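Notes follow once the structure below has been shown.
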Amino acid sequence: MTVKIAIIGGTGVYDPNILENIHEEQLETEYGRTLVKIGEYKGKKVAFMARHGADHSVPPHLVNYRANIAGLKQLGVKNIFATAAVGSLNQSMKAEDFVFVDQFLDFTKVRKHTFFEGGENGVVHLDVTDPYCPELRRLLMEVSGNLGLTAHNGGTYVCTEGPRFETPAEIRMFARLGGDLVGMTSVPEVVLAREVQMCYATICMVTNYAAGIAEYKLSHQEVVEVMSKNVANLRRLIMETIES
Ligand code: HPA
């Protein structure tokens, strides 16, 4: 049985134990090595990757996004559910809300962001009119409605380089540009997944209002605490969507 579905767990989502018969595989790709856990859920094979490593040891700007996506492609993955802790710039998107984003603004700086660097792979200019898969978003909205979760259909994810949080001036700029949420990982992950024809959705969970909107200083600890309060809902949402 090939593995058609993958979960990429972001901050606070390190535990694949909802899956049965889990084994770990090391995947060799032309971009480097990556680790994946493969298990079963209701008869479907599902791959799980912890984006920052199982112990959150890899910062967002140093994640080997190309090895991760190339590795999942090798397994035969067609659909990816990625999770992301995000800050909110939008008063209607509150802590613990889920947002299935549909657009991004890319403010990353030093990342390898394409499989197509000329040479053997050639040069490709990818269409990103719909960077995030509308069909997975529709399914996620349906399931979150059934589960009674607060979820938003669409939103613009501003991807920063990190690992620092933003200045209030940056957040004011992002808000003027139309950003709703800010995080550090969705780009280039979504772009690479699309370059190899995968259907990719990011499930954002708001953990805080962004710098300058929040009336206090941000901390990674706060992000992790809010994620851990809501991780059971996140897990139910992903697993029921996989089942449907
Ligand atoms: N900024 C960037 N990334 C984040 C934030 C934030 O406020 N919250 C969670 N991830």
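Just follow the structure's listing: the first ligand is 1, and inside any ligand the first atom is 1. Remember, predicted model here, so these are calculated numbers, not experimental data. All heavy atoms count here, side chains included; hydrogens, waters and symmetry mates do not. Each residue takes its place number in the sequence, starting with 1.
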Just jot down the ligand 1 atoms closer than 4.0 angstrom to any heavy atom of [X], in number order.
{"X": "Leu218", "answer": "7 (O)"}
{"X": "Ala85", "answer": "9 (C), 10 (N)"}
{"X": "Met184", "answer": "2 (C), 3 (N)"}

Considering non-hydrogen atoms of the protein only, which is the closest contact for [atom], and what is the distance?
{"atom": "atom 1 (N) of ligand 1", "result": "Glu166 OE1, 2.9 Å"}
{"atom": "atom 5 (C) of ligand 1", "result": "Gly87 N, 3.4 Å"}
{"atom": "atom 6 (C) of ligand 1", "result": "Phe165 CD2, 3.6 Å"}
{"atom": "atom 4 (C) of ligand 1", "result": "Val182 O, 3.7 Å"}

(request) Specify the closest pair of heavy atoms between Cys199 and Leu136, including all atoms of both residues, with the distance to one decimal. (result)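 Reported closest heavy-atom pair: O-CD1, 3.7 Å.
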Do NZ/NE/NH1/NH2 and the carboxylate oxygens of [X] and [Y] come within less than 4.0 Å?
{"X": "Glu222", "Y": "Lys217", "answer": "no"}
{"X": "Glu117", "Y": "Arg66", "answer": "yes"}
{"X": "Glu189", "Y": "Arg51", "answer": "yes"}
{"X": "Arg138", "Y": "Glu142", "answer": "yes"}

(message) Counting only heavy atoms, tell me which of Thr207, Asn208, Thr11 gets closest to atom 7 (O) of ligand 1.
(response)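 That would be Asn208.
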(message) Would Arg111 and Glu161 count as a salt bridge (charged side-chain N to carboxylate O under 4.0 Å, His left out) here? Give the steps.
(response) CA-CA 9 Å; Arg111 305 176 184 196; Glu161 187 64 8; 3.0 Å; yes
